[in-house]
Number of protein chains: 2
Amino acid sequence: MNNYSKQREIILDVLKQNLIHPTAEEIYQLVIKKNPQISKSTVYRNINILVDLGIIQKISLSTGPDRYDYLYKKHYHAICDKCGEIYDFYYDFDIGQISNELHKEEIKMDVSKIEIHGICENCKSKNY
Amino acid sequence: MNNYSKQREIILDVLKQNLIHPTAEEIYQLVIKKNPQISKSTVYRNINILVDLGIIQKISLSTGPDRYDYLYKKHYHAICDKCGEIYDFYYDFDIGQISNELHKEEIKMDVSKIEIHGICENCKSKNY
DNA sequence: TTCAAAATTAGGAATTATTCCTAATTTCAT
DNA sequence: ATGAAATTAGGAATAATTCCTAATTTTGAA
């Protein structure tokens with residue numbers, strides 16, 4: 001894992017240029033505009049590699065397909081569990097303190113992501 | 001939505017008795033031990049109803065199927081994005097302050113869930 | 001530069017998790 | 001007791017993602 005390929009470069013470019021948390025399908029649609037040859041499995045495989053390398057972030061929703069994010073600037077996500085809307089949220093969580101608490105509870109894990117979940121106002125007013 | 005049914009009662013009982021964040025399949029397997037007639041679609045439908053009612057919580061993972069949790073006591077989840085392990089995490093997030101910050105950023109949402117993500121020590125040592 | 005090993009690809013099949021469909025049954029309010 | 005509304009079992013359908021394979025590309029050591 002890690003040889004140069006034109007395909008992976010295009011996929012990462014698309015992610016850098018689209019900060020709207022696209023799905024794999026949306027990334028694929030944008031990628032084939034630049035090179036129609038690239039297959040969907042290549043898109044999935046490279047997305048996963050980029051996630052593993054920590055270059056992009058995967059956001060799994062309770063509704064609909066996974067979404068992906070290239071983080072230019074550190075931020076968190078506020079996610080509506082009803083409609084799946086993802087809002088970028090700039091906040092200063094005290095990661096050090098959270099890590100200490102995790103450690104106290106014998107949970108040994110580096111914090112890489114914090115997600116805030118709820119139901120957005122729009123969905124609430126529709127009272128599903 | 002909300003008529004009494006024996007099936008829903010069994011499903012909720014299983015969730016109350018199993019605080020190991022079971023998947024729908026695991027819930028189904030436990031449910032049919034109590035009543036082998038109950039179908040998987042009934043399990044899925046009722047799980048979703050219980051989530052909508054806020055009685056149980058759904059946890060969507062980047063690896064594997066969704067998991068469910070009946071919260072006797074308020075807590076958060078620390079999730080390994082590699083192996084999918086979910087650790088209960090007792091911590092006192094300042095929800096009021098987080099809500100204020102969300103509001104400042106025009107994100108109108110009640111916080112119902114906060115998830116901490118990372119890679120657990122075990123997975124890290126295997127350095128996938 | 002050459003060339004074999006390792007990595008990557010396209011394309012499609014397979015798998016997995018979940019939702020949807022339908023006719024029959026159950027629950028509920030009167 | 002009765003009709004409307006909700007729920008059910010069972011299986012089909014769908015959606016998202018991974019897996020498979022043979023061909024191609026990339027890499028780096030000689």
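Protein chains get the first letters and strands the later ones, always in sequence-line order, with residue 1 at the start of each. These numbers come from the heavy atoms of this one structure, side chains and all, not from hydrogens, waters or symmetry mates.
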Looking only at heavy atoms, what is the nearest atom pair of B:R67 and B:I20, with distance?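 Of all heavy-atom pairs spanning B:R67 and B:I20, the closest is NH1-O, 4.1 Å.
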Ring centroids only, cut at 6.0 angstrom: are A:Y91 and A:F89 within range, meaning strictly under it?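 Ring centres of A:F89 and A:Y91 closer than 6.0 Å.
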Can you sort out which residues in residues 7-21 of chain B have a heavy atom within less than 4.0 Å of DNA chain D? Ascending by number, please.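 Heavy-atom contacts with DNA chain D come from B:Q7, B:R8.
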Distance in angstrom units between [X] [atom1] and [N] [atom2], rounded:
X: A:I32; N: C:dA10; atom1: CD1; atom2: P; answer: 12 Å
X: B:I49; N: D:dA5; atom1: CD1; atom2: C1'; answer: 13 Å
X: B:N35; N: C:dT25; atom1: CG; atom2: C1'; answer: 14 Å
X: B:Y28; N: C:dT16; atom1: OH; atom2: P; answer: 17 Å

Quick check with a 6.0 Å cut-off and a 45 degree axis cone: is A:K73 positioned over the face of A:Y90's six-membered ring?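 Yes.
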Identify whether NZ of Lys or CZ of Arg in A:K40 sits under 6.0 Å from the centre of the six-membered ring of A:Y28 and within 45° of that ring's axis.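 Positive - A:K40 is close enough to the ring of A:Y28 and near enough to its axis.
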The test is side-chain hydrogen bond (donor to acceptor under 3.5 Å, both in side chains); show your working for B:R45 and B:T42 and say whether it passes. CA-CA 5 Å; B:R45 189 167 18 77; B:T42 294; 3.1 Å; yes
Take B:E115 and B:H117 through the side-chain hydrogen bond (donor to acceptor under 3.5 Å, both in side chains) test and state the conclusion after the steps. CA-CA 6 Å; B:E115 291 178 359; B:H117 290 256; 2.8 Å; yes
Output yes when A:D69 and A:K58 qualify as a salt bridge under the 4.0 Å nitrogen-oxygen rule, no when they do not.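 Salt bridge between A:D69 and A:K58, a charged N being under 4.0 Å from a carboxylate O: no.
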State plainly whether the residues A:K104 and A:E101 are in salt-bridge range, i.e. N to O under 4.0 Å.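 Yes.
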Can you give one letter per nucleotide of nucleotides 13-30 of chain D, 5' to 3': B if a protein heavy atom sits under 4.0 Å from the base, S if only from the sugar-phosphate, - if neither? ---SBBB------SS---
